[in-house]
Amino acid sequence: MFKKIITILGTIGLIMAIEKPTFKLLEKNGNIEIRVYDPMIMAKTLVEESYDSALSKGFRRIANYIFGGNDKDMSISMTAPVISKKSKKNPGLYEVSFVMPKKYTLEDLPKPNFSSVKLEKANLGKVICIKFGGWATEKRVERYQTDLIKSITAMGLESKGDFLVAQYNSPWAIPPFRKNEILIQLK
């Protein structure tokens, strides 16, 4: 199984056909976009650790689920991005999630083997995002969140909920080719 995970992760940054959530682009201004997302199903886990450790542990939990760690021993295709969210109420708590392929319903998906992984319907609806390259380190994420807040204010918009960090590449993709986004829902 480990070989399978490494093979899949190694190709994530190289394969352009990997499934991503669908959305309608409403507005674009440089690296800022306003979108409306279609409803989706997500596999999620909560991890209480530092930023890097939480993302790594959360990724491994959900990767285990999609690579057969479920009640049907079924493999589920990898999608992009890997999404993380830092809790405002508990700054050391992170939610890490994968969007499930569109061909599945909540009823079709196998049950995770571990209670730390949950399947949920999600409807982001209207969001604003900022796109950036390189590594999505904690410091860079905070910087781009600040930039996004400035854009939201300048556009006269109001946001709600927590920031989402979307990372589209495998850990082996080099910085010039990395794609990341910070998203937040709009009121």
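The analysis underlying the following values was restricted to heavy atoms, covering all of them including side chains, and did not include hydrogens, waters or symmetry mates. Residue numbers run from 1 in the order of the sequence given. Source: prediction; values computed, not measured.
At a threshold of 4.5 Å between non-hydrogen side-chain atoms, the residues Val141 and Phe163 do not count as touching. Using a 4.5 Å heavy-atom threshold, the side chains of Leu26 and Val36 count as touching. Side-chain contact between Lys86 and Glu95: absent, with no pair of heavy atoms (C-beta onward) separated by less than 4.5 Å. At a threshold of 4.5 Å between non-hydrogen side-chain atoms, the residues Asp162 and Ile184 do not count as touching. Taking 4.5 Å as the limit, some side-chain heavy atom of Pro101 sits within range of a side-chain heavy atom of Thr79. Residues Glu33 and Val127 have side chains not in contact (no heavy-atom distance under 4.5 Å, counting atoms from C-beta outward). Using a 4.5 Å heavy-atom cutoff, the side chains of Ser116 and Phe114 are in contact. Within the 4.5 Å cutoff, no side-chain heavy atoms of Arg35 are placed close to those of Lys24.
Looking only at distances, a side-chain donor or acceptor of Lys88 sits under 3.5 Å from a matching main-chain atom of Gly161. Not one N or O on the side chain of Asn29 forms a donor-acceptor pair closer than 3.5 Å with the backbone of Ile32. Within the 3.5 Å criterion, the main-chain N or O of Ser115 finds a donor-acceptor partner in the side chain of Lys118. A side-chain donor-acceptor contact under 3.5 Å links Arg61 to the backbone of Leu46. A donor-acceptor contact shorter than 3.5 Å links the side chain of Glu19 to the backbone of Lys102. Checked by atom type and distance alone, the side chain of Asp108 pairs as donor or acceptor with a backbone atom of Thr105 at under 3.5 Å. Of the possible polar contacts, one joining the Tyr65 side chain to the Pro110 backbone as a donor-acceptor pair under 3.5 Å is found. At distances below 3.5 Å, not a single donor-acceptor pair connects side-chain atoms of Lys89 with backbone N or O atoms of Pro91. Judged purely by atom type and a 3.5 angstrom limit, Arg140 uses its side chain to pair as donor or acceptor with the backbone of Trp135. In this structure, Asn180 contributes its side chain and Gln167 its backbone to no donor-acceptor pair below 3.5 Å.
Counting only N and O atoms by type, the side chains of Ser53 and Ser56 include no donor and acceptor under 3.5 Å apart.
Test Asp71, Leu119, Val117, Asn70 against Lys111 for side chain to side chain contact (heavy atoms under 4.5 Å, CB included) and you get one pass: Asp71. Across Arg178, Lys131, Glu181, a single residue satisfies side-chain hydrogen bond (donor to acceptor under 3.5 Å, both in side chains) together with Tyr168, and that is Glu181. Among the candidates Val82, Ile83, Thr22, Ile41, the single residue satisfying the side chain to side chain contact (heavy atoms under 4.5 Å, CB included) test with Val99 is Ile83.
Using the six-membered ring where Trp is involved, Phe132 and Tyr144 have ring planes that are parallel, under 30° apart on the 30 and 60° scheme.
The local environment of NZ in Lys139 is sparse, with at most 12 non-hydrogen atoms from other residues, nucleotides or ligands closer than 6.0 Å. No more than 12 heavy atoms of other residues, nucleotides or ligands lie within 6.0 Å of NZ in Lys150, so this atom counts as exposed by the packing criterion. Atom CZ of Phe177 has 12 or fewer heavy atoms from other residues, nucleotides or ligands within 6.0 Å. The environment of Lys126 atom NZ is sparse: at most 12 non-hydrogen atoms of other residues, nucleotides or ligands sit within 6.0 angstrom.
Both Leu25 and Leu124 belong to a common hydrophobic cluster when Ile, Leu, Val, Met, Phe, Trp and Tyr are linked at side-chain heavy-atom distances under 4.5 angstrom.
Put simply, CD1 on Ile152 and CG on Leu186 are 6.0 Å apart, with the number rounded to the nearest 0.5 Å.
Heavy atoms only, all atoms of each residue included: Ile182 and Gln145 are closest at CG2-CG, 3.7 Å.
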